[in-house]
Structure formats: structure tokens, C-alpha cells
Protein chains: 4
Amino acid sequence: MKEYRILIDTTDDKGLVYKISKVLYEHNLNIEKNSEFVDEEEKKFFMRTVVTGEFDQEKLIFDMKKITPLNTSIKISHNSKKDIVLLATNESHVLGDLLIRYFDGELNANIKAVISNHDELRDLVEKFDLPFHHINADELSREDHEVQVKEVIDSYCPDLIVLAKYMRILTPSFVVSYPQKVLNIHHSFLPAFIGANPYKQAHHRGVKIIGATAHYVTDDLDEGPIISQDIVRVDHSYSWQEMRRDGRNVEKVVLANALQLLLEDRVFIHGNKTVIL
Amino acid sequence: MKEYRILIDTTDDKGLVYKISKVLYEHNLNIEKNSEFVDEEEKKFFMRTVVTGEFDQEKLIFDMKKITPLNTSIKISHNSKKDIVLLATNESHVLGDLLIRYFDGELNANIKAVISNHDELRDLVEKFDLPFHHINADELSREDHEVQVKEVIDSYCPDLIVLAKYMRILTPSFVVSYPQKVLNIHHSFLPAFIGANPYKQAHHRGVKIIGATAHYVTDDLDEGPIISQDIVRVDHSYSWQEMRRDGRNVEKVVLANALQLLLEDRVFIHGNKTVIL
Amino acid sequence: MKEYRILIDTTDDKGLVYKISKVLYEHNLNIEKNSEFVDEEEKKFFMRTVVTGEFDQEKLIFDMKKITPLNTSIKISHNSKKDIVLLATNESHVLGDLLIRYFDGELNANIKAVISNHDELRDLVEKFDLPFHHINADELSREDHEVQVKEVIDSYCPDLIVLAKYMRILTPSFVVSYPQKVLNIHHSFLPAFIGANPYKQAHHRGVKIIGATAHYVTDDLDEGPIISQDIVRVDHSYSWQEMRRDGRNVEKVVLANALQLLLEDRVFIHGNKTVIL
Amino acid sequence: MKEYRILIDTTDDKGLVYKISKVLYEHNLNIEKNSEFVDEEEKKFFMRTVVTGEFDQEKLIFDMKKITPLNTSIKISHNSKKDIVLLATNESHVLGDLLIRYFDGELNANIKAVISNHDELRDLVEKFDLPFHHINADELSREDHEVQVKEVIDSYCPDLIVLAKYMRILTPSFVVSYPQKVLNIHHSFLPAFIGANPYKQAHHRGVKIIGATAHYVTDDLDEGPIISQDIVRVDHSYSWQEMRRDGRNVEKVVLANALQLLLEDRVFIHGNKTVIL
């Protein structure tokens, strides 16, 4: 059955729940799920409502605008499949996990294509009858490489871009062209071990727990809003390669969980944080 | 600042959020926090709203009754301290943990007294200048012992009774006199290892994870609605005593978390489950 | 580099570490890793030693037998790939996860074939160029079906048989033909929710944590020695299908971890428990 | 029964297990527990053996020295109670937790005294009939204050000094006077959120998991060898004070676990890491 998700993000104000639910009621919508969060410090209001029923979206937005503060953002989406493009480099564990979930029908999404700066993953991707684009970065400036990558991405007009262990730094100009659309998995428990080789860093520091972090990509490397994190225990007997082996299980699950949240339109960006309703 | 918590538990119905928030709005209340849960299968609606402002409670309930289904339960509480009575036997770890939290001012509660069927814990309790009642169970029938226990409990009119490792089975008649008021900590990951010596049972079964469960007490031993659970990892090298040692850390934290939820009026009982908003 | 794993399982006795390490020393072996466990209650001794160097296996076992109690079991294996056969029914998440790990080269094993009582998974398995055997169970007695399954299994002489969500009960006669060779993943936190539909059972009970358990298969359904367990948190808002969705991530990782331990010859069976060195 | 713990820390060398266990055998000792770890990269060997029986310690060490590399460190301790001194500032949760564990007889230790730079905790400490020393730091240089603290510490000749939320930075000269004897609990998941107000930092960063870390104190603030870590999940709805509230449960348990390991002589320092056998 067709569900609509209405996401409202605004300044906190008296009676917002009443006023908003009144509009939904007047539009004769059934509320299946409703969640709000108020950041009292920053006076921000977030509301996610799942509704069923037929309605005029423009009229609804018009009526909402009338009763909410000026800066209100209103997004309406529905539970149809989102189009996603995956970027990877040469590690297959995260990409493979997504492909299996896709094959399972676990993802409410269409994987339109996989793009990589290497060719190793072609065989894996083509097993699942998906387009694979190898865009070689050798002898190209970062900018020139990204031009080609963007061209391919844009040809698919994806709703989301998922970096499935894409081991290249993105330029601000790339990031800015896909606002709130790029999801990354970092193989550490951010903000610990930012940057290269987090498992080697973790091994060197002698931590007893390692983890992974899924986050939106912003200009600041590894500094974007965190969506999901998880951990696994290690001990002195682990080599950094064994940390990586166990850490990869966490990477897979954390990215899959974060993607699931995005596909359900459950994530608001709030400054450099996320609100998940 | 004085906050009120309004807990509404009813049959799901169209427009409930709108109608309820309308009443709150008309009573000129500020909604600080608001959460709902709809059990779509069982068509049940749960809503917890934290409000500030002055209002006429009876009028509010009267107005709410008008716009909600007949079977609606409406509870209004505020964030003042609740009175609790603790029952224990002779293990001091959970009781001691609660006493320290109480001393810390971490619990929004008044511990009115501790009752035990043994005398060992008197010294600990009296360190914290709290009344300790030793009610010996020897040569008494379960019923006769409970009569004495109830007498002491009732003399304090507690809002909650917390079984801090009270190792006696309660009769249905005891349980029924304190509906939704008795909180217990069971030293296993329910429903695993119901009954006596769960750590010995866990050791015997060779599990790799043990846990603890905080639940409401009902007639069915270890079958009441679960409020909170947590776990800790063990391995083949653990004796059952070592499992108990590590498990006790979980018992303490799980009970404290569950008590915290009850003190914040965040727990609804829904059949044999809990809804925590 | 070729490593040998020497697993000794015997009655505890004075000087065993000295006597055993003396034999290893006299055989001029380098000890890379060494772990022991003594079950003091049951007076059992377990030792796993990883060695490098060339040696005469029969001579080593002969010398070991001389200095250890009569009932001593000595196993010597090396770090070459083990042959495994997978049994599945129609769920693809666990099987797919193993196939991706296999494709990654993460498993030190050869997957020789996949056997299923349904045909749905053929497409997935054949993507990875592995033999798929559909052995229909309709209109067959359990025994007759198992005869055909055993025939196929035995044609591959596997070191291990992995039940990757094989949803059929095995007869004692099947189990007894593959002693300590059959690994199963159960989709609950055993011993909780034994039997069918554990996620439905968990949802019905209202637990706050669900899990999965990898164990050796014995005659007793869901009662075999536990190798690995893990959990994930849920709450009242989860339908049983959502519990299953998140639980599947745990199933995958728990089975992969247990398989990893078996491939490294790190698991001893000790009564109905495991000792993992 | 009296147990001895023999900790050997040396350069890896062929036959060490054999040679060491031979000496133990010749001294007629029963090995109750035995664990080794070899750091293959750094060619280091660590062995912890728990033995029972009567023996001549000097002779044992003499014999061990003969068969081990020159740089070998050999420590022999037994399972009698260790003397510890606690330092705190004004938070009572960690200190109170240790006092309750002490009262429970859970710690195999004598708490000789508590030292604080404030007087608030006197009442709590004196409930447990322990000496409390208030050493005011106002108008004193860090050095001068530490002189007084050291004087009190040294009057108790403790085996261990436990910083139970002691919120002052220690000078190198203080740290160097108690090598491998000072245990600290840091209220973050190190290396994340080093320094002041980690809960505020965590809240600001929007992490989904917070934690605590118990570590040896070295000159480098928050950089000492990590002994134990644990975590707890949070979400967008947590204020930093709520993160602190839940984080405190982790602080208590992590510190207690680390202390337990130290009291059992299970921790080796290996560069800036720990090896726990």
C-alpha cells in the first residue's frame, strides 16, 4: 500500500503538533506513524509522519506553510524504490554485501550502477547484471577524474550515492553538487582514527574495541553528520589484519543500517548531527 | 521547573494526535516532548506528552475523555520524587548500587525503607540512614510472611516497590495488591534460564553471552512485561561464579535503567509487553 | 607458510605442559601460538599449539601418546583449505553472505557445493560458478530424502557441513554420520526461543534484545554445543518482520565467525560445551 | 588456597614454553592456569602461570634466569589482598561503586584510604569507616599539592593507586614515582574525545555510541596503555547530561573490570599497549 512520508523541519513554536496534525486531519489523511523531536537548546522542531490516503501534495504544502514558521522545510516522499549509484574502489566486502541484500530484495532501492576507479570489481558486479563503470584515475587530476565520475552519476539521476569503500577523497565541488545525497562508511569509530589506515591506527593505539561509522559526506573529511555506528571487541592477540577482518563485518552492517534509514526517509540533518525519527 | 507527563493509552482512532494536541493547545500547555506509538496489529494507541504550564487537571481529563474512545486511560503525573520501597534478601550488590545512586541524587525518588527476610543488609542500609525492616520468614507460611511484609510496605504508601534481588516467590494475592507497581531484576537474559540459579544453568549450557532482565512482576514467575535487558560476553574459561561476578554488573545497570524509566513515567504496559516512550 | 595445529584433549595431569612442550621441542618445532585450558572441576586439559617446521607426524603422535594419559586425543591439522558443503532451503541472506566471503577469499575453504530442498537459490549459487543440487523433499520420507542428501554430500567428502538456514530437522542417523562436522545457525539467542519462528516468539514475548547462535548439530534439536552468539537491540516499535530483518545481520556474522573458528581448528567439544583456543 | 602468579615477559626465543615449564616442573609446582602470548612482529614473549605448591622463590627466579634471555622480567605475586589508595575529586558515582564492591567483599584488596582535593566525599567515605584525606589544592602550585598527596599516599605504601574520577592533571614527576601503579578511568571511548568534557564533545559531534576507558597513567594525558573499554548507545534525543548519566554506568563497570584484572595480576604492559592473560 502506498505510504507518504512527510518530513517537517522548522523552528520550534507553540502548538506546532496541533497545527500540523490539524492540517493532516483536514486533508483526510490517516497517520500510520508519527514522531517528533524538539531540540530545546537550539529551538528546532523535527517531525516525521507516515500517512496513507489520497491527497493534493501542493495544497498540503501550501496549508502547512500557512501555519508554520517562515523557515520551515517540508519534504514529502513515498515508499517507492529510490535509485542509487554505488562507488567503490577494490574492496569487495561492502559492495558484495549490498549486492546480496539487493538480490534478496532487502533494499527498497534500484541499484542503477557501480562506478569504480579500478576494474577488479567488474566481475562481481556483473554477476548481478548491473552496469559497471571503470573510470581510471591514473594520470588524471582529482578534478578531471571527478568530472567523468559525475557525468556517469548524473546519467542515472540517483536519489542517493553510496560510497561502498570508495577510497578517494572527494573535492568540495563534488560534494556540493550532491547535497545530503552522499553516504559514506568509515572503517573506524569516529571521531577516533580519522584518515588513513584506521585499523593500523587502532592496532597501534592498543584499543580493546573497534568500530565503523556511516555518515553523510561533507567537505570536511570524516566530519560529516553521523547516521549509524557499531563496534566489535578485540584484544592484544589481534593483528591489524585480524582487526580489519572483524571490523569488516561491522562496516557491512553499519552501512546497510544507515542506507535502510535513508531509504525510509528517517534521517534529518541538524547542523553537523542527524536526527533519526 | 514543574513538568507534567500525560500518558494516554487507548484504541487507535483517526485523528487522535490532532484531537489530543488540540485539547492540550486549548489548555494553553507547552509541549516539551511528545511521543506516540501505534500498534497497528492490535489497533492500540499510546501517547506520552511532557508539558509545562498551569492547568486544571480535571478539566483536561474531562476534555480528553470527550474526544477519545470510551476505553481510554489517561494518567497525569509530574516530575516530583516518587516514593519507593526496596525488598532484598542478602545480596548487597544491587541494593548497594541503588543506595549509592540515591546518595548521588541520581534517582528522582525517595527510598522510604528497605525490607528483607534476612538481617545481613541492615548495616549497609543504616549507613545511608534509611529504615531497615527485617521480617524473618522462618517458621512462617509464605502467606503469613507476606502479611507482615505488606503491612510494612503499606505503611509507606510507595509509588513503586523494587525487588533488589529479593529471592522469594510472591503469591498472586501479593502481586495483585500492587498492580503495575512491582519491579524485579532477574539475573538472566529472559526467557532463557527461568527459575533458580540462572548462572549455573548458563554455565551448564555453555552459552557465550549472559544477561539480566528487569521486568514488572506478575503472577507468572519470570514472565512479566520486560522493561530493560542487557548482556555481557563470557567464554569457556568462566566458572559459574565468574559468570555471576560479571553478570552482577549487568543486573545493577539494567535495574537502574528500568527504574529510571519508571521514575520518568515512560513505560506503558501493553498486554505482556512494554511500550517505552 | 605452512603451519600445523596440534590439538590435544585429555585428562588433566601434572606436568602436561612441560611434557608436551618437551616433545615439541625434541621434534625441533617452533611454537608460533600456544593456548591451554584446564577445566578444574572436570579435570580436563585442552591444548592447541600452532607450530612451524618439518616433522614426522606419526612419530610425534607416538611420542605424545607415551607421555600423556591413555584417553588422550591428539589431532594434527594444517592451515590448508578445508572442503565444505553448504545446505540451505530458500533464504538467501546467510548463503549469499558466505558466497561473498568465499568470493572475497575471506574463507580458508573450498565450497564444493550447495544442496537445497528447494530450487530458488540455484540462480544465486550459479552466479558463483558452484554446483547446486536441488533435492526435492516432497513426497519423500525424511529418511529417504536424507539418503539422497547424504549421497551428494559424501560424493564431496567434505571436512565440514554448514547449514546455512537449512530449515529441516535432521534425523539422528544423519547427524551421527557426520560427528563434529555439522555447523548450524539458529536464529535466536539460545536457549531462548528454541524451535520454530524464534522471531515471532521473541516479538510475542516482548524482549528488548534478540540474537543468533551458531552451534554444532547433535541429536537434540537446538541443543548442540554453542560456538558463537551475538545480539542486537530491538524495542516495542519492531514488528516481528523487522526483528527478523535486523536479526539476519546477526545470523550472518555469527555463522561466519563460527565457521572462521572451525576453519582455524580452534574449537574443542567438551561435553555439550565448546572450548575455543 | 594460596596461589602464586608467575609473570614472565621477555624476548621470544625457541623452546621458551618447554624450558619454563621444565623449571616449574622441577620445582614441583602444579600449574593451575597457563597462558602465553607471542607478539610475532616485535618478537616478544609473555607468559602468565598460576601455580600451587610450596617453593623457593629466589631459587625459582635463579633457575628461570638461567634458561631465559638476559632482558627477561620475572614477577611472582600471590593471591593475597593488594593495598590500594583511591584518589577522587567530587563525583561520587565511581568512588561509591568501588566502596560498595569493597563492602561486598568483591575486591581482593584493602582500600587503605581515599584522598581528595575537595571535602564533599568525606561523608560517603566515612560511612565505610575508611580514612579520608582532604588535601586542598587552592593557592598551591600543582607541584606543592602533589608533594602533600604523595606524602599521604606513601604513608600507606599502596600496591595500586586508583584515580576514581580524580579531575586533576598529574605531573610527570608524580607519575614517574609510581610506575605501572596508577590506574585511571577516562569518560570517553579513547582515543576519541581526549581532554576536558568528553560528554559535551560527544554530544557536539553527534556520535551514536559513547564509552569509557580504563588505562594506566603515563606522562601523556589520556595516552597510557588501555586496559579495558566499554560503550553504550545514545541517540539524537540525549542531552550531554543524559549522555553523562548513561556514560557513568560504563565508567563504573570499566574501572571495576580493569581493577579486577590488576588485582589478579593479569595485565602486562607492552610498549603503549597491554597484554591481558
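First the proteins, then the strands, lettered A, B, ... as listed; each starts at 1.
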Could you look at C/F46 and say if it's the side chain, the backbone, both or neither that has a heavy atom under 4.5 Å from chain B? neither
Please check if the number of heavy atoms outside C/K14 that lie under 6.0 Å from its NZ is greater than 12. yes
Within a radius of less than 6.0 Å around NZ of B/K65, do more than 12 heavy atoms belonging to other residues, nucleotides or ligands occur? yes
For the interface with chain B, which of C/T274, C/L277, C/V275, C/N272 has the highest count of heavy-atom pairs at distances below 4.5 Å? C/V275
Could you check whether any side-chain N or O of C/D222 sits under 3.5 Å from a backbone N or O of C/G195, counting only pairs where one atom can act as donor and the other as acceptor? yes
Assess the side chains of C/D265 and C/S77: does a donor N or O sit below 3.5 Å from an acceptor N or O? yes
Using heavy-atom distances under 4.5 Å, tell me whether B/I227 contacts chain C through its side chain, its backbone, both, or neither. backbone
Any idea which of B/I231, B/L190, B/D230 has the most non-hydrogen atom pairs under 4.5 angstrom with chain C? B/D230
Report the option among C/H215, C/H270, C/H204, C/E40 that has the most heavy-atom pairs separated by less than 4.5 Å from atoms of chain B. C/H204
By a 4.5 Å heavy-atom criterion (distance strictly below it), what part of C/D39 contacts chain B: side chain, backbone, both, or neither? neither
Taking the six-membered ring for Trp, are B/Y199 and B/H187 parallel (under 30°), tilted (30 to 60°) or perpendicular (over 60°)? tilted
Relative to chain C, which of B/R205, B/R233, B/E223 shows the most heavy atom pairs under 4.5 Å? B/R205
Can you tell whether the side chains of C/E264 and C/R266 come within less than 4.0 Å, N to carboxylate O? yes
Can you tell me which of B/G224, B/G271, B/A202 forms the most heavy-atom pairs within a distance under 4.5 Å of chain C? B/G224
